[in-house]
Amino acid sequence: MREIIERLIAIEKEERLRLMADNLSNYNAGEKVHLKQLAFHKCQKKNRWVFGGNRSGKTECGAVETVYMARGIHPYRQNRNNVFGWVVSLSQQVQRDVAQRKVLHYLDKRYIEEVIMLSGKKDSPEYGVIDQIKVKNSLVEFRLSVLSLVTRGEKNFKAVRLISFGLTKNRQKIFMTSVVCAF
């Protein structure tokens, strides 16, 4: 009987450790819940906008939305396989230090199939500049989602928006979550 209790305690401890390590599961689940971020994720409109001041959670919200779509686990939208999306930054430095860091924070390494680097080593993508991340999509075991990280100069930006949309091309459905820029 004592062995069974010890085994159950060990299993519960392991569950707690895994839950703490899963940043996506802990998003907006702590003491401070960002209701506007949740409203953004729940919104079913084609065009959804995130506005806010400095350090108000815009990048956090976009990174989580991107990971939800790439992995096919969005809790409020129809999930699809074969997802392709872009994350756009002003420069490679901003990409590495801000957007890429947030996406990697929420994208568990278990779901990364391949990382294609512009610079740095693919074994430690957080220290280099990522070109693409091939993500294991949960809907189909061997299909991949591709997340491209793109940079554009600041003067090229007229507007930035985070959108989700579906389209048909060559009889294949493609679903994209992307930060789109008007040039």
Side-chain angles (χ1 to χ4, degrees), residues 22-108 111-112 118 125-126 129-135 137-139 144-169 172-183:
D22 186 8
N23 294 319
L24 193 59
S25 295
N26 294 322
Y27 169 70
N28 262 332
E31 288 181 24
K32 187 172 184 179
V33 175
H34 298 276
L35 297 176
K36 290 186 178 182
Q37 289 179 357
L38 293 176
F40 171 82
H41 296 302
K42 289 179 181 180
C43 180
Q44 295 299 308
K45 295 190 177 190
K46 180 178 177 181
N47 291 320
R48 297 172 294 144
W49 299 68
V50 177
F51 292 99
N54 291 339
R55 303 191 48 81
S56 62
K58 300 177 300 292
T59 305
E60 199 91 16
C61 187
V64 168
E65 185 75 11
T66 301
V67 173
Y68 279 158
M69 294 301 229
R71 287 205 35 225
I73 59 167
H74 201 293
Y76 308 108
R77 292 182 158 266
Q78 181 180 0
N79 292 297
R80 303 181 192 260
N81 58 6
N82 290 329
V83 177
F84 187 91
W86 298 299
V87 175
V88 182
S89 299
L90 295 174
S91 67
Q92 288 184 355
Q93 182 182 0
V94 171
Q95 173 184 321
R96 183 193 65 225
D97 297 342
V98 182
Q100 177 178 304
R101 192 171 120 223
K102 290 288 185 186
V103 169
L104 290 175
H105 176 74
Y106 288 107
L107 182 58
D108 193 317
Y111 302 109
I112 297 175
L118 287 176
E126 60 275 8
V129 178
I130 297 173
D131 182 33
Q132 288 187 353
I133 304 173
K134 293 186 179 180
V135 180
N137 188 301
S138 66
L139 297 175
L144 302 176
S145 298
V146 179
L147 176 63
S148 288
L149 293 111
V150 183
T151 59
R152 295 288 180 253
E154 186 173 354
K155 55 187 169 182
N156 292 335
F157 281 93
K158 292 181 184 168
V160 178
R161 60 189 170 136
L162 179 62
I163 66 169
S164 297
F165 62 92
L167 60 100
T168 304
K169 183 178 180 182
Q172 206 177 21
K173 286 189 177 180
I174 300 171
F175 201 84
M176 300 174 72
T177 296
S178 54
V179 179
V180 176
C181 308
F183 297 99

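Predicted, not measured: the structure shown is a model, and the values here were computed from it. By convention here, the first residue in the shown sequence is residue 1. Both backbone and side-chain heavy atoms feed into the values below; hydrogens, waters and symmetry mates do not.
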Novice: Considering all heavy atoms of both residues, which atom of V87 and which atom of A99 are nearest to each other, and what is their separation?
Specialist: CG1-CB, 3.7 Å
Novice: What distance separates Q95 CD from D131 CG, expressed to the nearest 0.5 Å?
Specialist: 8.5 Å
Novice: Do any pairs count as a salt bridge (Lys or Arg N to Asp or Glu O under 4.0 Å) and have a residue in residues 27-41, sequence neighbours left out, and if so which ones?
Specialist: none
Novice: Quick one: does any side-chain atom of R96 pair with a main-chain N or O of Q92 as donor and acceptor, under 3.5 Å?
Specialist: no
Novice: Is there a donor-acceptor pair under 3.5 Å between the side chain of K58 and the backbone N or O of G53?
Specialist: yes
Novice: Is there a side-chain contact between L24 and I73, using heavy atoms and a 4.5 Å cut-off?
Specialist: yes
Novice: Have a look at Y106 and tell me which of T66, N23, N26 forms a side-chain contact (heavy atoms from CB on, under 4.5 Å) with it.
Specialist: N23
Novice: What closest approach, in Å, do Y27 and C61 show between heavy atoms, and which atom pair accounts for it?
Specialist: OH-CA, 3.8 Å
Novice: Measure the CZ-CZ distance between F51 and F40 for me, rounded to the nearest 0.5 Å.
Specialist: 11.0 Å
Novice: Do the non-hydrogen side-chain atoms of R77 and Q44 ever get within less than 4.5 Å of each other?
Specialist: yes
Novice: With the side chain counted from C-beta on, respond yes when N28 and V64 share a heavy-atom pair under 4.5 Å apart, and no when they do not.
Specialist: no
Novice: Would you mind reporting whether S56 and H34 have side-chain heavy atoms less than 4.5 Å apart?
Specialist: no
Novice: With sequence neighbours excluded, what pairs up with K102 under the salt bridge (charged side-chain N to carboxylate O under 4.0 Å, His left out) test?
Specialist: E60
Novice: Taking the side chain as every heavy atom from C-beta outward, state whether I112 and L104 have any pair of such atoms under 4.5 Å apart.
Specialist: yes
Novice: Which is it for V50 and Q37 under the side-chain contact (heavy atoms from CB on, under 4.5 Å) test, yes or no, and what are the steps along the way?
Specialist: CA-CA 8 Å; V50 177; Q37 289 179 357; over 6 Å; no
Novice: Show, in sequence, the C-alpha distance, side-chain angles and deciding distance for R71 and V135, and conclude whether the side-chain contact (heavy atoms from CB on, under 4.5 Å) test is met.
Specialist: CA-CA 7 Å; R71 287 205 35 225; V135 180; 3.8 Å; yes
Novice: H74: which residues meet the side chain to side chain donor-acceptor pair (under 3.5 Å) condition with it, sequence neighbours left out?
Specialist: E65
